[in-house]
Protein chains: 2
Amino acid sequence: MATIRDVAKRAGVSVATVSRVLNQNGYVNEETEKRVRQAMEELNYKPNEVARALFKKTSKTVGLIVPDITNPFFPELVRAVEDVMNIYDYTVILCNSDEKAEKEREYIEVLKQKYVDGVILTTNQFAPEEVEEWDVPIVVLDRPLHERYPSVVADNYEGARLATRHLYEVGCRRIAHIQGPTHVVNAIERFRGYQDEMKALGLGDRQLVIQGNYQLKQAKEAVMAALADHEIDGIFAGNDVMAVGALKAVQQCGLRVPEDIAIIGYDGIPLTEMTTPELSTVSQPIYEMGAMAARILIKQIEGKPLEKFHYQLPVQLIVRQSTSRRRST
Amino acid sequence: MATIRDVAKRAGVSVATVSRVLNQNGYVNEETEKRVRQAMEELNYKPNEVARALFKKTSKTVGLIVPDITNPFFPELVRAVEDVMNIYDYTVILCNSDEKAEKEREYIEVLKQKYVDGVILTTNQFAPEEVEEWDVPIVVLDRPLHERYPSVVADNYEGARLATRHLYEVGCRRIAHIQGPTHVVNAIERFRGYQDEMKALGLGDRQLVIQGNYQLKQAKEAVMAALADHEIDGIFAGNDVMAVGALKAVQQCGLRVPEDIAIIGYDGIPLTEMTTPELSTVSQPIYEMGAMAARILIKQIEGKPLEKFHYQLPVQLIVRQSTSRRRST
DNA sequence: ATACTATGTGTAACCGGTTACACATATACA
DNA sequence: TGTATATGTGTAACCGGTTACACATAGTAT
């Protein structure tokens, strides 16, 4: 690999001049520049990013910490971040935290040592106190971690009310909610939305909450158990994966969806179009959330002002077969 | 951030000594080491990976190029790579190539400039000639790119024969194959397996190949069209996503799976357990493939010898509801 | 004519590590 | 006693960029 000194020698100039044409700053004579570019061409010179990073304390690299890329909610989010970062010539280091604070801390440490320019955190576990002392720009995705850090979230509360109301409108009166992990903020928000909407609908005393932990299997088993003990005609699952679990449980009990029990999920991942019947869901603008987080991080890195600090994106009710039935009592 | 010179000053030694305790090489007196460690502790010193990378020309970072993380085959693969790399203190830069040779080349260029220690390529597009001149260790995943590069693949040909034979054994005689993109090697291999097995079963003249391009929608539409023109009682889809497309098409035509048409997919992604009926599939050891590629890459990086250069992992037939029917003619 | 500014280029220090080499001392062996 | 070897530590060059500063020249305003 040719270095900047090789180029300088070949072009008959000093390294400073080469650096100047490289970075398009300082004065360089047109003729000189041409010679330098020629030399770079001939040597197939590519500046060494590591050397540059060492001096500039910036690496054109960002960290992206997600709980688990295997969770179908995240691939699209990750893809969005990567796409946007790519446009701005940043590179993305992917980290799976499994929601473990310990792993997150370790990753942050490593990322700092590598001079990443910023970090996007998609997590529900991190203690704000820890964050305090980080000097790296951070954007929080899918959770409002702390006032001081910019965040991008969807309107979980409103989405949950939307889903619950939708079930009511297609005739459900005994609506159960499959809840996500109680330590995850968005799960709590969705749960609150369900509660409040149920009260608003006059069904406050008919609430039924099933614990599903955002997992298919757990949701399925919990729904099976619930179906044995309770009368249920509608299920609002805290995410789409659990909605699939519910769907399987209902079908396995010999009941029909949506005729006997209507089901609606949350997130709007592609999976919802692959089931039979296709699942209604509250769709989050996943790609848009990732892309926005990436753009905000870049602004932070480049020291540009943010118009807003906390972005809450709207969600959208998507009605499919799993809740399509005649309105009835 | 404290530097090695700060530590040296505080411990009353030279930077060389600090470096020695850091890297556990050279001679260092026990007492001295203790003082140095104390100083590191007090200053909360963490060595700067970038500076180290610059000198050592190695960065404890690897690149992972996949076509599209959004394709449900890849998250598990990526996760496996990340897990193994994490154990060995490597960090993973994720790149989505969309199977475009141009994007791959650009990424490789950037990765080299960042001194990545190696690259895992999951691609079907790259021209071997380009690869020739790379000095970075490379492992090829999911495709035997070139003799000179280690590779990890699953046995696509045998898997396809397995799937086809399985359909025959549950009574199918008019077995169609939904094919993946013809420029993708594993799609071709699966197609060949289908062809050969059909011939072996004496059904050589009953072959029906449907183009699905590894996409759900395309597969669905192509199957709808095929059902109108042909008699079909079994479908072997080149991947699971297309199998879902086939399932939807069949159901939409008012036919039953598996009674009227049995369906089997390929890959063994979690999605296959989420449909109704659950999909039979030929399961690739996805996680194991990713983990193995990662381990091989590390060996390459560390200059250790490989016992084998090309690994072909076995696949496994997984029978679920979509092919579970009485054996019949 | 003088002073100031814009243009153009080179030297060398710097970023924060690693390590070759020099040097010193202690121990072992002939 | 002299020499070889193991132990222990420091100095300074080096990795490949960036940039402060010095210096030179040309143009322009006063």
Side-chain angles (χ1 to χ4, degrees), chain A residues 1-40 43-61 89 109-117 135, chain B residues 1-40 43-61 89 109-117 135:
Chain A
M1 284 280 251
T3 76
I4 197 171
R5 287 166 230 268
D6 298 330
V7 175
K9 192 169 295 176
R10 181 164 198 118
V13 297
S14 75
V15 292
T17 302
V18 178
S19 181
R20 283 186 197 106
V21 340
L22 220 49
N23 297 291
Q24 318 243 49
N25 59 19
Y27 295 108
V28 179
N29 183 290
E30 249 182 69
E31 273 308 308
T32 316
E33 172 160 356
K34 238 157 99 184
R35 283 214 320 283
V36 171
R37 290 208 182 280
Q38 169 109 27
M40 296 202 292
L43 296 170
N44 187 26
Y45 169 74
K46 296 279 170 359
N48 179 326
E49 286 300 329
V50 175
R52 190 175 282 192
L54 178 60
F55 189 90
K56 297 259 206 128
K57 298 187 190 313
T58 159
S59 61
K60 284 282 177 182
T61 302
D89 294 324
E109 210 54 62
V110 173
L111 293 173
K112 272 167 77 177
Q113 286 172 46
K114 297 201 176 184
Y115 275 153
V116 296
D117 298 334
D135 31 4
Chain B
M1 282 284 246
T3 77
I4 197 172
R5 286 165 230 268
D6 298 330
V7 175
K9 192 169 295 178
R10 182 163 197 119
V13 297
S14 75
V15 292
T17 302
V18 178
S19 181
R20 281 185 198 108
V21 340
L22 220 49
N23 297 290
Q24 318 243 49
N25 60 18
Y27 295 107
V28 179
N29 182 290
E30 247 184 70
E31 272 307 307
T32 315
E33 171 160 357
K34 236 156 103 185
R35 281 212 324 281
V36 171
R37 291 208 181 280
Q38 168 110 27
M40 296 202 292
L43 295 171
N44 187 27
Y45 169 73
K46 296 278 170 1
N48 180 327
E49 286 301 328
V50 176
R52 190 175 284 190
L54 178 58
F55 189 90
K56 296 256 207 130
K57 299 189 189 314
T58 160
S59 60
K60 284 282 178 181
T61 303
D89 293 324
E109 211 53 63
V110 173
L111 293 174
K112 271 166 77 177
Q113 285 172 46
K114 296 202 176 185
Y115 275 154
V116 296
D117 298 334
D135 31 3

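Below, chains carry the letters A, B, ... as their sequence lines are ordered, and counting in each starts from 1.
- For R10(B), the salt bridge (Lys or Arg N to Asp or Glu O under 4.0 Å) partners two or more places apart in sequence, or in a different chain, are E42(B).
- A side chain to side chain contact (heavy atoms under 4.5 Å, CB included) with M40(B) holds for exactly one of D6(B), V21(B), I4(B); it is V21(B).
- For the residue pair V50(B) and N48(B), the shortest heavy atom distance occurs at N-OD1, 2.7 Å.
- Side-chain N/O atoms of K114(A) and T61(B) include a donor and acceptor closer than 3.5 Å.
- Residues meeting the side-chain hydrogen bond (donor to acceptor under 3.5 Å, both in side chains) test with K34(B), sequence neighbours left out: none.
- The bend of the helix from dA1(C)-dT30(D) to dA30(C)-dT1(D), defined by the angle between the axes of its first five and last five pairs, stands at 50° to the nearest 10°.
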Would you list the protein and nucleotides 6-8 of chain C atom pairs, both N or O, that sit under 3.5 Å from each other?
from, atom 1, to, atom 2, distance (Å)
dT7(C), OP2, Y27(A), OH, 2.7

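- Applying the side-chain hydrogen bond (donor to acceptor under 3.5 Å, both in side chains) test to N23(A) and every residue at least two apart in sequence or in another chain returns S19(A).
- Between L54(A) and E49(A) there is no side-chain heavy-atom pair separated by less than 4.5 Å.
- For the pair K46(A)/E109(B), a side-chain contact is recorded, criterion being any heavy-atom separation below 4.5 Å from C-beta on.
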Polar pairs (N or O, both sides) under 3.5 Å between protein and nucleotides 11-18 of chain C?
from, atom 1, to, atom 2, distance (Å)
dC15(C), O3', K57(A), NZ, 2.8
dG16(C), OP1, K57(A), NZ, 2.8
dG16(C), N7, R5(B), NH2, 3.3
dG16(C), N2, A51(B), O, 3.4
dG17(C), OP1, Y45(B), OH, 3.4
dG17(C), OP1, N48(B), N, 3.4
dG17(C), OP2, I4(B), N, 2.6
dG17(C), O5', Y45(B), OH, 3.0
dG17(C), O5', N48(B), N, 3.3
dG17(C), N7, R5(B), NH2, 2.6
dG17(C), O6, R5(B), NH2, 3.1
dT18(C), OP1, N23(B), OD1, 3.3
dT18(C), OP1, N23(B), ND2, 3.2
dT18(C), OP1, R52(B), NE, 2.8
dT18(C), OP1, R52(B), NH2, 3.3
dT18(C), OP2, S19(B), OG, 2.7
dT18(C), OP2, N23(B), ND2, 3.3

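- The existence of a salt bridge linking R35(B) and E31(B) is excluded, since no basic side-chain nitrogen approaches an acidic carboxylate oxygen closer than 4.0 Å.
- Side chain of S59(B) to backbone of Y115(B): a donor-acceptor contact under 3.5 angstrom is found.
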